[in-house]
Student: 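What follows is a single structure, and I will ask about it in a moment.
Below, each value reflects all heavy atoms present in this structure, side chains not excepted, and no hydrogens, waters or symmetry copies. A, B, ... follow the sequence lines: proteins, then strands. Residue 1 opens every chain.
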2 protein chains.
Amino acid sequence: MFTIGHFSKVTGLTVKTLRFYHEKGLLPPAAIDRESGYRYYDQGSLERARVIIALRGFEFSLEEIAEILARSSDEEDILDHLEKQKLVIAEKISRQKDLAATIDRILSTEREARTARLRSDGFQPEIKKIDAQLLAGIRVCGEYSEAGRVFGTLGRRLGRHIVGKALCLYYDGEYRESDANFEPCMPVRKAVEVEGITMHELPGQHCVTLMHSGPYEELGRSYEKVFDFAQSNKVEIELPTREVYFKGPGMIFKGNPQKYLTEIQLPIG
Amino acid sequence: MFTIGHFSKVTGLTVKTLRFYHEKGLLPPAAIDRESGYRYYDQGSLERARVIIALRGFEFSLEEIAEILARSSDEEDILDHLEKQKLVIAEKISRQKDLAATIDRILSTEREARTARLRSDGFQPEIKKIDAQLLAGIRVCGEYSEAGRVFGTLGRRLGRHIVGKALCLYYDGEYRESDANFEPCMPVRKAVEVEGITMHELPGQHCVTLMHSGPYEELGRSYEKVFDFAQSNKVEIELPTREVYFKGPGMIFKGNPQKYLTEIQLPIG
DNA sequence: CTTGACCCTCCACCTGCTGGAGGGTCTATC
DNA sequence: GATAGACCCTCCAGCAGGTGGAGGGTCAAG
């Protein structure tokens, strides 16, 4: 016979926990002194305690543990419980993986934005090669202000498959107040089947680019600069044009529009 | 201005939760009617609510969220919080993976034991090829009764690396009450560095085998049978001999010893 | 002026414990 | 046989992050 303190040392459960399990009927002491109310545990309690500890390790609730203890005395009897718990755990793992990937994405985007801003003493138009990428996007016909909501949807639907910065393709050669034809996109590693999202490969191309620093309302000025540059270099611009969001409204905060960084990319022949 | 019910629909937070967040000071309404006590929310509340929802999605506690909201207004400001949360999540993932692997192992062991028992109408000694396997074990010098504790240690230390059924190597050619020389082992996929555990490759070998059904106390009878078989087939037995535990005391329940299944494997030249 | 949909506060409850107050009990030593 | 110190008891409160309900006030439409 163990006193509660002794039993606590043997099992590794605290005295408080043992009293709690008694109260719940999960692990009643083998005997209770009628006079003093002292609890006494025995070898049988010890075995039961070990089972409880093991099941708790598998993240069963105390209620389930009670049910299992009432019905079963062998692993064989609880295969379905284990099967169910496995699903629960698999679910959790996939959720956590999504979270981890999303956090990683935020971290690397922010770090890149920070280094990009370091050379922000004056962004100049330039011509560079942009590599091919696989994009998952949602084609929209409407106002540009809808883009935010669409990016939200993309983020939620694609989760951990996203591997780069958000970008948007513009299929009109001009600015439009309404009926604009554009496609918010996220780069993905490999094709993902998600309802309402279309995959396509953006070819590698040379582009005239310019990093725009500041709110989207002022993008016009940067577009002017970059179009001028294209014209004076006598290059033809192809559609769709692109905007890559180095820093914009984040997944958490809207942030300060003065700090937004957007790269305009105009593909050339 | 939204009433609480309206705001609840917009944000997706329940009315109860909104009142709770108000009480915690996390999301105070924009205005409160002095007469009726009605809460009214505005656009600013909406933005704050969205931030809270996003942060809660990353499994920050309400306390941390409050702290973040008080200090930060851009993803850039909370990179260290995110970094920390990433570690927390990585920790959780690895724990859950271990759990999932352990549950899988129990499931497949039990299923195998079940099918093994189906042909238990009478196990007969036979000679078969046992494939090579990589083992992680703890060499023991003492009594056989210590094996249980050692298997427990192995299970805890190796976690998800275990890929098969527990087995034990016996380096004495005989039964010993004390100073027995044996090694509880777990098969692993690849070498793992764990303190106190040694890795070694068990070579593929032909063995005389016999499945023993019942408690360990009765193993002697099966050993007799299998030794007889070896002798009548004129084969030499090599050390270490092995026992493979198809079904024994489990990780959760001790189970019924009458149902234990143990395969005796005696390697032959 | 009534009806029904809202809103309010306050208290209790969920899981799986932990902490503390206030008081009794056990055992060894003096 | 007294006393100290370790141990045990019950009961109440509290953690996170809410949910549920009782009992009662408010608002807008018909």
Student: Under 4.0 Å, counting only non-hydrogen atoms across every strand here, what does A:Tyr40 touch: a base, just sugar-phosphate, or nothing?
Tutor: nothing

Student: Can you find a donor-acceptor pair, distance only, under 3.5 Å between A:Tyr38 side chain and C:dG24 base?
Tutor: yes

Student: Inspect the contact between A:Arg39 and A:Asp33 and indicate whether a charged nitrogen and a carboxylate oxygen are less than 4.0 angstrom apart.
Tutor: no

Student: Name the nucleic acid region contacted by A:Arg19, choosing base, sugar-phosphate or nothing; use a 4.0 angstrom heavy-atom cut-off, strictly under.
Tutor: base

Student: Does B:Lys16 make a side-chain donor-acceptor contact with the base of D:dG21, cut-off 3.5 Å?
Tutor: yes

Student: Can you figure out which of C:dC26, C:dG16, C:dT15 approaches the side chain of A:Leu62 most closely?
Tutor: C:dG16

Student: Using a cut-off of less than 4.0 Å, is there contact between a side-chain N or O of A:Arg56 and OP1 or OP2 of C:dG16?
Tutor: no

Student: Could you check A:Glu35 against B:Ser36 and say which one's nearest nucleotide on DNA chain C is further toward the 5' end?
Tutor: B:Ser36

Student: Check this for me, if you would: do B:Glu243 and B:Lys165 make a salt bridge, where the nitrogen-to-carboxylate-oxygen distance has to be below 4.0 angstrom?
Tutor: no

Student: Please confirm whether any donor atom in the side chain of A:Lys24 sits under 3.5 Å from an acceptor in the base of C:dG16, or the reverse.
Tutor: no

Student: Are B:Glu75 and A:Lys247 close enough for a salt bridge, meaning some N to O gap below 4.0 Å?
Tutor: no

Student: Regarding A:Tyr260 and A:Gln258, do their side chains bring together a donor and an acceptor under 3.5 Å, going by distance alone?
Tutor: no

Student: Reading DNA chain D from 5' onward, which residue's closest nucleotide shows up sooner: B:Asp33 or A:Ile4?
Tutor: A:Ile4

Student: Side-chain N or O of B:Thr14 versus OP1/OP2 of D:dG18: is the shortest distance under 4.0 Å?
Tutor: no

Student: Under 4.0 Å from OP1 or OP2 of D:dC8: is there any side-chain N or O of A:Thr3 that close?
Tutor: yes

